[in-house]
Undergrad: 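Handing you a structure now.
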Amino acid sequence: MNALQRSGSGSMAQSPRSSTSQAPYLTVSVTDPAKMGNGVQAYISYKVITKTNFPEYQGPEKIVIRRYSDFVWLRDRLFERYKGIFIPPLPEKSTVEKFRFSAEFIEMRRQALDVFVNRIASHHELQQSEDLRTFLLEDEQTMERERSQETGIFKKKPADFMQIFKDVQSRVSDVVLGKEKPVEESNPEYEKQKNYIFQLEDHLAEAQKHAYRLVKRHRELGQSLSDFGKAVKLLGTCEGNSLGKAFSELGAKSELLSIKLQREAHHLLMRFEEPLKDYVRAVQSIKATIAERANAFRHHCELAETIKFKEIDLNKLRLTRSEKLADAEREYEQLKADGKESKRKFETIVKLMNEEIARFQEQKTIDMGVVFHEFAEGQAHLAKSIAEAWRSLLPKLEACSSSLETPDA
Amino acid sequence: MVQSPRSLSSQAPYLTVSVTDPAKMGNGVQAYISYKVITKTNFPEYQGPEKIVIRRYSDFVWLRDRLFENYKGIFIPPLPEKSTVEKFRFSAEFIEMRRQALDVFVNRIASHHELRQSEDLKTFLLEDEQTMERSRSQETGIFKKKPADIMQIFKDVQSKVSDVVLGKEKPVEESNPEYEKQKNYIFQLEDHLAEAQKHAYRLVKRHRELGQSLSDFGKAVKLLGNCEGNSLGKAFSELGAKSEMLSIKLQREAHHLLMNFEEPLKDYVRAVQSIKATIAERANAFRHHCELAETIKFKEIDLNKLRLTRSEKLAEAEREYEQLKADGEELKMKFETIVKLMNEEIARFQEQKTIDMGVAFHELAKGQAQLAKSMAEAWRSLLPKLEACSS
């Protein structure tokens with residue numbers, strides 16, 4: 001994830017611009033969420049604006065209307081077609097009904113969908129995808145037809161999907177493929193990578209959870225400070241002239257700080273907690289790719305086994321000069337071709353994954369640096385405002401207490 | 001507590017008290033806290049420069065009740081509440097808050113020009129524990145009433161409905177606009193103080209919660225740093241450490257807010273409630289005085305009837321009438337004393353309140369400014385390292 005993409009409309013130059021010909025570019029904007037329909041059938045639609053000079057796109061700009069399930073379709077198609085590549089993650093479906101149309105949720109989802117599409121559009125392989133073109137250009141009816149035909153892996157029940165993850169993580173039998181013993185790569189380098197991914201997921205999820213709690217604490221402190229400010233103003237009305245004025249000002253400053261705290265809470269949510277959550281999803285997407293690699297490896301091994309047995313059969317048939325020999329020989333050749341194909345598929349996944357891991361780690365270091373820098377900056381800024389506000393009240397309060405050493409209070 | 005400037009030739013009178021060393025005594029449901037009460041004085045009646053006695057909460061309650069009975073019109077300093085939550089009763093925080101409040105209570109009495117002369121104060125400060133216990137068990141003052149009854153008295157004064165405690169139908173009240181203003185001021189002040197104190201307590205809670213969340217967050221960021229490369233990993237490690245450090249500062253500020261801001265506010269809420277008890281006493285005295293005046297009028301009428309009929313009962317009736325008139329003078333004097341004392345007390349109270357509120361809110365602003373400054377510095381110190389990591 002490139003932090004520049006967060007703005008929702010950043011331009012992604014793929015290569016340095018030359019002065020004679022324009023470099024190829026493809027940028028997408030997901031905007032203008034609008035509520036459609038009524039009751040349980042209600043949903044949000046988004047405007048997807050594509051700006052590009054790719055020749056296949058036939059035009060510099062195109063606007064289409066898309067809904068969440070269209071993005072899901074795109075993700076599923078890419079996952080099917082580009083095994084080995086880390087498909088960018090999608091924001092979750094909302095489980096809490098009443099939250100589904102809240103302004104905050106809609107904005108977080110819009111932001112995440114915008115990042116999703118732009119990551120695809122800036123990935124050197126994924127941006128060439130036919131399905132991406134369909135998604136960005138076709139009218140809504142065509143899109144709906146495509147969607148209803150989708151039967152990809154993600155159409156499985158979420159429970160099945162989670163099971164795939166668990167298999168990869170716990171190394172127990174692959175229930176999905178109905179095997180007893182797992183056939184796995186014994187590759188120490190790859191083991192390290194997998195462990196890194198699983199550990200990263202835990203730590204990211206933990207950090208995100210506590211980041212969310214920090215958001216809540218800011219809101220709560222802001223609310224309490226606002227109530228406190230109002231109470232102090234009332235108290236000021238019971239006091240004499242100078243103390244009453246000081247209380248009035250203290251109350252006003254409390255309310256001002258309350259607003260700043262609410263703003264910081266929102267800022268923390270959108271610019272810190274959401275990016276962390278986004279990376280948790282990204283790591284889960286990587287785990288799906290790990291599962292695909294395991295599948296491809298197993299497929300390749302099974303086929304290799306089958307080929308061996310076929311060889312034995314073939315020799316038997318040769319010795320007995322059976323009529324079935326010709327058929328068996330054809331089948332054997334077919335199997336060997338399939339074997340080569342599945343080996344090639346597996347090796348492609350391995351090669352792509354290595355590139356992807358490197359790319360991911362590089363981008364993550366940049367993004368994490370930016371996100372945490374923003375966090376520290378926002379916090380420093382907020383604390384500075386708070387310090388200034390309280391300090392400005394000290395002279396007036398000092399004037400009211402005749403001595404700072406009270407006899408009895 | 002020096003009441004008057006020290007002269008060179010003779011030492012000025014002083015009386016200071018210290019409530020310290022809370023210790024848990026007894027076991028189970030009978031367990032209680034005892035305090036060391038150390039008196040330093042040169043008052044002649046006290047026979048000695050220093051005296052140490054052991055007292056418990058109910059002894060302080062006894063003292064407050066006795067003073068309330070004997071010094072009507074004077075605002076008796078308030079006591080901290082009895083704890084209703086059993087498990088909180090022996091927590092270190094509660095014990096310290098109570099000790100502090102009891103210390104303030106006794107010293108306010110010791111520095112009040114009238115109350116410090118009290119015999120009951122002397123008993124409280126000098127007698128051994130057995131004598132104290134005996135005095136306590138004899139107490140039957142107003143506060144021995146069930147709390148519900150006390151509240152009812154307050155409500156009567158506040159809502160001007162019939163005085164249920166004295167069983168009257170229509171309230172007999174002073175029609176004194178100045179006094180009305182004072183009473184309204186007191187009731188309004190109580191509401192506003194209670195509201196401010198409630199939200200001050202919430203602020204304490206919020207500080208604690210934010211501190212806890214920051215601590216958890218710091219640990220999580222440190223773990224995340226393990227997954228990162230060299231420079232970012234180090235930056236995360238430091239961010240985690242700073243978060244944990246700030247968490248400690250937040251907990252400290254929460255405690256500071258509790259002891260130096262929320263408790264003083266709570267103390268003033270109690271002080272105002274004590275003033276309301278004095279308001280109720282004044283209403284009682286006024287009503288008592290009016291009823292007697294009525295009774296005297298009726299007695300005069302009876303007396304004249306008896307004179308006309310030259311009854312034998314005349315002599316006795318004349319004696320009763322004289323007694324009633326003497327009682328009437330007594331009650332009038334008592335009521336007027338209360339009025340005079342209350343006026344002095346209100347002025348004294350408002351002056352002290354302005355000082356105390358100024359100090360308490362100054363402490364608040366100072367503590368908050370300091371905390372925020374530390375937080376700003378901590379976060380700012382991380383910026384260069386984080387900047388270096390994001391290309």
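Nothing here was measured: the structure is a model prediction, and the numbers come from that model.
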Undergrad: Side chain, backbone, both or neither: which part of S385(A) has an atom under 4.5 Å from a heavy atom of chain B?
TA: neither
Undergrad: Distance check, rounded to the nearest 0.5 Å: L223(B) atom CG versus H203(A) atom NE2?
TA: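 Rounded to the nearest 0.5 Å, the CG-NE2 separation comes to 4.5 Å.
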Undergrad: Using the salt bridge (Lys or Arg N to Asp or Glu O under 4.0 Å) rule, take E220(A) and K205(B) through it: C-alpha gap first, then chi angles, then the decisive distance, then the call.
TA: CA-CA 10 Å; E220(A) 290 164 350; K205(B) 247 182 58 158; over 6 Å; no
Undergrad: Are any of the side-chain heavy atoms of L382(A) and W379(B) separated by less than 4.5 Å?
TA: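 When only atoms from C-beta onward are counted, W379(B) and L382(A) do not touch, as no gap falls below 4.5 Å.
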Undergrad: Roughly how far, to the nearest 0.5 Å, is the CG atom of L235(A) from the CG atom of L265(B)?
TA: 7.0 Å
Undergrad: Got a donor-acceptor contact below 3.5 angstrom from the H362(B) side chain to the E398(A) backbone?
TA: no
Undergrad: Using a distance-only test with no angle check, is there a side-chain donor-acceptor pair under 3.5 angstrom linking R202(B) and S224(A)?
TA: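 No, no side-chain donor-acceptor pair sits under 3.5 Å.
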Undergrad: Can you find a heavy atom in the side chain of K364(A) that is under 4.5 Å from one in the side chain of E228(B)?
TA: yes
Undergrad: Can you find a heavy atom in the side chain of F375(A) that is under 4.5 Å from one in the side chain of L239(B)?
TA: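 Touching, per the 4.5 Å side-chain cut-off.
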Undergrad: Are side-chain heavy atoms of F361(B) and L394(A) found at a separation under 4.5 Å?
TA: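 No, their side chains stay 4.5 Å or more apart.
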Undergrad: Identify which of K384(A), K253(A), E239(A), H381(A) forms the greatest number of heavy-atom pairs closer than 4.5 Å to chain B.
TA: E239(A)
Undergrad: Can you establish whether the number of heavy atoms outside E362(A) located under 6.0 Å from its atom CD is more than 12?
TA: no
Undergrad: Which atom pair, heavy atoms only, marks the closest approach of A380(A) to A376(B)?
TA: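 Where A380(A) meets A376(B) most closely, the heavy atoms are O-CB, 3.9 Å.
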Undergrad: Any idea which heavy atoms bring A372(B) and A387(A) closest together, and the distance?
TA: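 Closest pair (atom of A372(B), atom of A387(A), distance): CB-N, 3.5 Å.
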Undergrad: Under a 4.5 Å cutoff for heavy-atom pairs, which residue among L364(B), L382(B), N226(B) has the most contacts with chain A?
TA: L364(B)
Undergrad: Looking only at heavy atoms and a cut-off of under 4.5 Å, which of A360(B), C227(B), A220(B) has the most pairs with chain A?
TA: C227(B)
Undergrad: For the residue pair L210(B) and L214(A), establish whether any side-chain heavy-atom pair is separated by less than 4.5 Å.
TA: yes
Undergrad: What is the distance from atom NE2 of H199(B) to atom CD of Q223(A), rounded to the nearest 0.5 Å?
TA: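 The NE2 atom of H199(B) sits 9.0 Å away from the CD atom of Q223(A).
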Undergrad: At what distance, to the nearest 0.5 angstrom, does CG of L243(A) lie from CD of Q350(B)?
TA: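 Answer rounded to 0.5 Å: 12.0 Å.
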Undergrad: Chain A: which of G367(B), A365(B), A196(B) shares the most heavy-atom pairs with it under 4.5 Å?
TA: A365(B)
Undergrad: Could you tell me whether R380(B) and E377(A) have a side-chain N and a carboxylate O separated by less than 4.0 Å?
TA: no
Undergrad: Is the shortest side-chain N to carboxylate O distance from K219(B) to E206(A) below 4.0 Å?
TA: no
Undergrad: Do F261(B) and F228(A) have ring centres separated by under 6.0 Å?
TA: yes
Undergrad: Report, as yes or no, whether the 6.0 Å neighbourhood of atom CZ on F360(A) holds more than 12 heavy atoms from other residues, nucleotides or ligands.
TA: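 Yes, enclosed.
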Undergrad: Within a reach of under 6.0 Å around CZ of R263(A), are more than 12 heavy atoms found that belong to other residues, nucleotides or ligands?
TA: no
Undergrad: Answer with side chain, backbone, both or neither: which region of L371(B) has an atom nearer than 4.5 Å to a non-hydrogen atom of chain A?
TA: neither
